[in-house]
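Reminder, nothing fancy here: chain letters follow the sequence lines and each chain counts from 1.
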Amino acid sequence: MTAEPHKPDRYNPRTAEPRWQQKWDAAGIFATSNDELKAAANGKPAKPTYYVLEMFPYPSGRIHMGHVRNYTMGDVVARYKRARGFTVLHPMGWDAHGMPAENAAMERKVHPRAWTYQNIAAMKAQLQSMGLSLDWAREIATCDPAYYKHQQKMFLDFLKAGLVERKQSKVNWDPVDMTVLANEQVIEGRGWRSGAPVEQRELTQWFLKISDFAEDLLTKLDTLERWPEKVRLMQKNWIGRSEGLLVRFALDPKTTPAGERELEIFTTRGDTLFGARFVAVAPDHPIAQTAAKKNPALAAFIAECKRGGTAQEAIETAEKQGFDTGIKAIHPFDPTWQLPVYVANFILMDYGTGAIFGCPAHDQRDLDFVNKYGLGNTPVVCPPGQDPKSFVIAKTAYDGDGTLINSKNDFIDLNGMTVEAAKEEVARKLERTYRSDGIHLSPPAGRGRPSGARSGEGGSRQSATVERPPHPNPLPASGEREKSRPVAERQVNYRLRDWGISRQRYWGCPIPVIHCTSCGVVPVPAKDLPVTLPEDVSFDRPGNPLDRHPTWRDVTCPQCRKPARRETDTMDTFVDSSWYFARFTDPWNDSAPTDRAVVDRWLPVDQYIGGIEHAILHLLYSRFFTRAMKATGHVGLDEPFAGLFTQGMVVHETYKSKDGEWVEPASVTIETEGDQRRAKLTATGAPVEIGAIEKMSKSKKNVIDPDDIIASYGADVARWFMLSDSPPERDVEWTERGVQGAWRFTQRLWRLVGEAAEVAATAPDQRPVQFGEGAQTLRKAAHGALAKVSDAIEKLHFNVAVAHLYEFANAFSDSIGSQEQAPTSDYRWAMREAAEILIKLFNPMMPHLAEECWAALGHTTVLATQPWPELEPALLVENTVTLPVQVNGKKRADITVARDAKNPDIEAAVLALDAIQRALEGKPPKKVIVVPGRIVNVVA
RNA sequence: GCGGACGUGGCGGAAUGGUAGACGCAACGGACUUAAAAUCCGUUGGGCCAAAAGCCCGUGCCGGUUCGAGUCCGGCCGUCCGCACCA
């Protein structure tokens, strides 16, 4: 111990934290200039750059613990990289458009803008109290016309580039929010925000053509090596690529309404065509609609399907139902083979062509269908080991691999082939086959190559590639092209639909177009941007206030100068968040969304951190948007986020009173008796039931307010605890015990540094030539921790970094405690070094405490500007190593040998050990395996 | 139904194929104190044993690969997540 008992003051975050925040702010330490980047473009060397970004928040009014966790992780990375010599970009902004502002306007008669900016001010203050190393000079709010004017410009650029489309389509209508939703925004049949069951409606909408990039969005997933596998897989499934055949079934004219001649069907199982029993189309398929005109019963059936179709749960459990239209389709292999055409409730108009051929033996849905309507089935794939003669299908379709059976006629013979070979043979044959008229097959040989309608997709590409350019889902043929096209073509189909961005809302980015009765849709001229929202709006009625504004809609057509109307839909807020990361690189740019000299050097974001809930929505949209920005010259890359990390949620115990009401943690007292925990109401003492640990939510009242924690323990404690208890990708449970543990540790560090400071005060400036044992032990602990903590932070294993810091703190206090006499000068030097390393290592996590400790060591510099410690690798190497010795894989002894001991010497020493002799029972070992520096295993 | 992840003490969790349980929490014992708080020291997977030494068992279950498996492979069971009539 040091000569006198040391009694340092307690560390008081309440005064220290604001003080350091002000110092950082005043010194502008976290502001990042683009000058260096621009200079580097002219050939001057620059420090390496690092862009760390956390998903920006919606300004709901208050931050929650999820924000604390998310932004702490990002801040650790930012501070660490800064110390490591990078020029770090770490900005923050606000995803400021959206429904809650309009709801607030309705409920509280506040204007959405005022409400939003109040919330931003409040949340900004909260974030600042966390001590995040953010460049606030780059702050953006997406509701600022200075931001969305560029978004409107890009929309027009996309329009010009053919990446925007206006079309009528069936849309997901959220009856509560009174707006449409993209497919991605419908979760289990409900609106992602409102939770209301989604309805189908027919509306004219603006679409961004994300499906043009389906193939690229899919294949480039493989290049995103620093993304979680899980997210890549989710996107892959969402894009939903499938290879198959587009087969044209001719329709028997005698049975078919005038004007309809054929039906296009997409299938991935061309091999099962001999097993076909029927053809079915979606209720809203054009042929169904046409046929219904003359068939009231069919019309009634279709209406029935649509009624049932509004509730998603009904769709999932609904029985398969069909209606025979009386139309007959001609089998592509045999002109004499006719298949009934049904309208069926389980066929989706959205996918493929909205029409299928049913092969009951090998598709469960089709089997359920034929079993209901008595259409029978023909097995055409025989499972391995089954006798084809006895193989029958009853209630369970067989969709596995096998050998083709019952699949031979004059036209084609598939019998005996594998599924894969049969698919290929069918494709090869049908893509060379042309019909001479609506019905009859021509001989497969001797026909010319296709030409015309689909240029560049002639016979030459058939076998080599199945790729197609964009537009995966051509509508059913209108009649003219059929003669020039083969009976079937290979096709790649995607589940991914175009992104409908029209929202019938006020608080969003206006879509900058004008509707003119003479000129049609006219883009707003660039000089007239931004199209801003009118201020004088009312929210006393449901629906879109823009639509009923008395004057805002009225404009002059930019082309013909006649009166025209503005588009009153605004953009989906996911558009706002699809490019904010690019805007952060040059948020001051008034003339363009980005500056290529800057944006191409900052992007891609090196480390993006946010919630898994955006695995598809935001991340897929952003990947698309970046491609669209590249196509229109706003960026020079495809992938916006090189590294992605998805953090887990913050969860908390729930409490319920006897009458079943949720109780907030703040009013509950927990009592512990042995291992038993009991809860009661603090006020009344009434018992409270301890419920499941769940995501913090207002409805379950298991919310902890970050403000309360920061006020009582300080930001550092909140930050430390958020990092310490669980791996960052998993959920972390907020517990009072855990917070107190973090609090104790801050105080302990403060005491340790205080004691170290006394010793270090008289340390020599010169590095000693030799170190005594105590000094050497301390130095090894310090440099060992340095190596381990650095490694853990690099890998974002923050909980491991925390554990190594605890370990180092333990070694540090052991070292202080073990000093019996007055410390030698080499020890004092080592103590100062160790204290500095300790402080620098926990600085990214608890920056305020670290600054305070740094000052306590006598430094007048700001720690936030100091470099990461230099590692002395020699200190990590021991001269002797202790190896565990196993016999047959079980540990029996330890042996300490020189680091560079030769294997034969180790072997001999091991065999001489008593414990090993005993374990061997006198028998000679069969083999001795020595893994240098790690372990010895004796095989008996 | 399809796809994926996970399963380690009382709890959170650690562990490039090489001593399982680091580190923290909780618990227990002790020191300091009139007392408490705070702090400090010690013990803590299970079993055999008075104790130590020593031995046995142990990473959801069953097998396999390997000198050696929490880790790799196959099959089950369980939990969680994503998608879901996608032809």
On a whole-Å scale, what distance lies between the [atom1] atoms belonging to [N] and [M]?
| N | M | atom1 | answer |
| --- | --- | --- | --- |
| B:rG17 | B:rU59 | C1' | 15 Å |
| B:rG63 | B:rG58 | P | 12 Å |
| B:rG45 | B:rC41 | C1' | 23 Å |
| B:rG75 | B:rC25 | C1' | 38 Å |
| B:rG60 | B:rG7 | P | 8 Å |
| B:rG9 | B:rG21 | C1' | 7 Å |
| B:rA20 | B:rU33 | C1' | 41 Å |

Between [N] and [X], is there an OP1 or OP2 to side-chain N/O distance shorter than 4.0 Å?
| X | N | result |
| --- | --- | --- |
| A:Y351 | B:rA87 | yes |
| A:R751 | B:rC40 | yes |
| A:N810 | B:rG24 | yes |
| A:R744 | B:rA38 | no |
| A:K788 | B:rA15 | no |
| A:N799 | B:rA14 | yes |

Take the protein atom [atom1] of [X] and the nucleotide atom [atom2] of [N], then report the distance between them rounded to whole Å.
| X | N | atom1 | atom2 | answer |
| --- | --- | --- | --- | --- |
| A:K926 | B:rG68 | NZ | P | 11 Å |
| A:M234 | B:rC83 | CE | P | 6 Å |
| A:R934 | B:rU19 | CZ | P | 7 Å |
| A:R892 | B:rA53 | CZ | C1' | 14 Å |
| A:D731 | B:rC11 | CG | P | 18 Å |

Quiz item: Starting at the 5' end of RNA chain B and moving along, which residue's nearest nucleotide shows up first, A:N888 or A:I612?
Solution: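 Whichever sits nearer the 5' end wins; that is A:N888.
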
Practice problem: For A:I929 and for A:T735, find the nucleotide of RNA chain B with the closest heavy atom, then tell me which residue's nucleotide is more 5'. | Solution: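 Per heavy-atom nearest nucleotide, the more 5' residue is A:T735.
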
Kindly point out which of [options] is positioned nearest to the side chain of [X]?
| X | options | result |
| --- | --- | --- |
| A:R748 | B:rG13, B:rC40, B:rA87 | B:rC40 |
| A:I935 | B:rC25, B:rU19, B:rC40 | B:rU19 |
| A:Q886 | B:rC86, B:rC23, B:rG18 | B:rG18 |
| A:L233 | B:rC23, B:rG4, B:rA14 | B:rG4 |

Quiz item: Heavy-atom distance under 4.5 Å between the side chains of A:F278 and A:D366, does that happen here?
Solution: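 A side-chain contact exists here, since the closest heavy-atom pair is under 4.5 Å.
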
Quiz item: Should A:V885 and A:R892 count as side-chain neighbours, where that means a heavy-atom distance under 4.5 Å?
Solution: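 Side chain of A:V885 against side chain of A:R892, heavy atoms only: no contact under 4.5 Å found.
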
Quiz item: Are A:K320 and A:F369 in a cation-pi setup, meaning NZ or CZ lies under 6.0 angstrom from the ring centre and within 45 degrees of the ring axis?
Solution: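 Judged by the rule (NZ or CZ under 6.0 Å from the ring centre, within 45° of its axis), A:K320 is not positioned above A:F369.
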
Quiz item: Would A:R495 count as a cation-pi partner of A:W238, with NZ or CZ less than 6.0 Å from the six-membered ring centre and within 45° of the ring normal?
Solution: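 Yes, A:R495 sits over the ring of A:W238.
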
Quiz item: More than 12 heavy atoms of other residues, nucleotides or ligands under 6.0 Å from NZ of A:K695: is that the case?
Solution: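 Atom NZ in A:K695 is not crowded, with 12 or fewer foreign heavy atoms closer than 6.0 Å.
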
Quiz item: Does a donor on one side chain sit under 3.5 Å from an acceptor on the other, for A:R623 and A:Q235?
Solution: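 The answer is yes; a qualifying pair exists.
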
Quiz item: How about A:S211 and A:D498: does a side-chain donor come under 3.5 Å of a side-chain acceptor?
Solution: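 A:S211 vs A:D498: donor-acceptor pair found between side chains.
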
Practice problem: Kindly indicate whether the side chain of A:K230 and the base of B:rC81 share any N or O donor-acceptor pair separated by less than 3.5 Å? | Solution: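 Under the 3.5 Å cut-off, the side chain and the base do not form any donor-acceptor pair.
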
Quiz prompt | Under-4.0 Å salt bridge between A:E243 and A:R490 | solution =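 The answer is no: the pair does not qualify as a salt bridge.
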
Self-check item: Each stem that RNA chain B is part of, given as range with range (3 or more consecutive Watson-Crick or G-U pairs, under 3.5 Å)
Solution: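 Stems (3+ consecutive pairs) listed as B:1-7 with B:77-83, B:10-12 with B:23-25, B:27-31 with B:39-43, B:45-48 with B:54-57, B:60-64 with B:72-76.
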
